[in-house]
*Asks:* 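Okay, handing you the structure first.
For ligands, and for the atoms within them, numbers begin at 1 and follow the listed sequence.
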Amino acid sequence: MPVPQSLDPAYIPRHVAIIMDGNGRWAKSHNKPRLFGHKAGVDSVQKIVECAGEFGIEVLTLYAFSTENWKRPVDEVGGLMGLLKNYLQAELSKMLNNNIRLICIGNIKKLPQDVRDVLENTIKETAANDKLILNLALSYGGRAELIRGIKSIADKVRSGTLKSSEIDEGCIDRHLYTADIPDPDLLIRTGGEARLSNFLLWQASYAEIYFTDTMWPEFREKAFVDAIIEYQSRERRFGQTSAQLIKG
Ligand code: FPP
């Protein structure tokens, strides 16, 4: 699948982050249980990962399971964990063939041991790949991530390995799960809600945000291309004036 003609190949976002919302409502609209929606959501994940690689996106971050999602019914949490494990097992060969590296952000110690084993194995097996980074946010929350980073900085200041005068944006970046990847350029939320829901709170400071009513199970190539077209049509000024940007 080549880069669609409707996209400017010179202005592809480096990092796209997605809040995959709407699986449950999509299932309900088809008179099916919620897990049916999550299964269809996995098909969208496969398709969007494929597109991201073809379009030349460097990092694709998917909000697959939030810190708040642990409060869902036990059956649904178990179902989601099973889908994640199956996905990782089924996709390993494709990740290796397509030069995709898997990483994750979040408190993965909370995941069931069998899921964690498969996850850690996939991370290890794909570590040398360098076309697309597929970053799964798992048991992830932006506030928890910031607390973890701030605690680590405080420990270093207390032990004398870091001066408080050295704490700047770069220092905070280096203490987040995302230390090794660029900030998202484009953040997409499907499912019709217009919230960040504790996702990449620090990192999304300058991201273009794109909300769509399309439910995640229906978010496929055309919807993804539309989001990138919208991104490409926006002027990104980082707080500067248009004239400053033209001057470079
Ligand atoms: C939100 O829909 C979606 C989730 C909480 C989970 C997303 C998970 C997947 C797409 C499948 C597993 C992921 C991978 C990477 C294999 P919702 O249930 O909140 O929908 P609703 O708002 O309509 O109820």
*Asks:* Can you tell me if Gln5 has over 12 outside heavy atoms packed within less than 6.0 Å of its CD?
*Replies:* no
*Asks:* Indicate the atoms forming the closest heavy-atom contact of Arg189 with Ser197, along with that distance.
*Replies:* NH1-OG, 2.7 Å
*Asks:* Measure up the Tyr63 and Phe199 rings against each other and bin them: parallel (under 30°), tilted (30 to 60°), perpendicular (over 60°).
*Replies:* parallel
*Asks:* Are Leu84 and Leu60 connected, step by step, through hydrophobic side chains (Ile, Leu, Val, Met, Phe, Trp, Tyr) whose heavy atoms are closer than 4.5 Å?
*Replies:* yes
*Asks:* Heavy-atom contacts with ligand 1 below 4.0 Å: which residues, ordered by chain and residue number?
*Replies:* Met20, Asp21, Gly22, Asn23, Gly24, Arg25, Arg34, His38, Gly41, Val42, Ala64, Asn69, Arg72, Leu80, Tyr87, Leu136, Trp216
*Asks:* State whether Lys124 and Glu120 are salt-bridged, where the test is any N-O pair (Lys NZ or Arg NE/NH1/NH2 against Asp/Glu carboxylate O) under 4.0 Å.
*Replies:* no
*Asks:* Would you check if the side chain of Asn129 reaches a backbone N or O of Met95 as a donor-acceptor pair within less than 3.5 Å?
*Replies:* yes
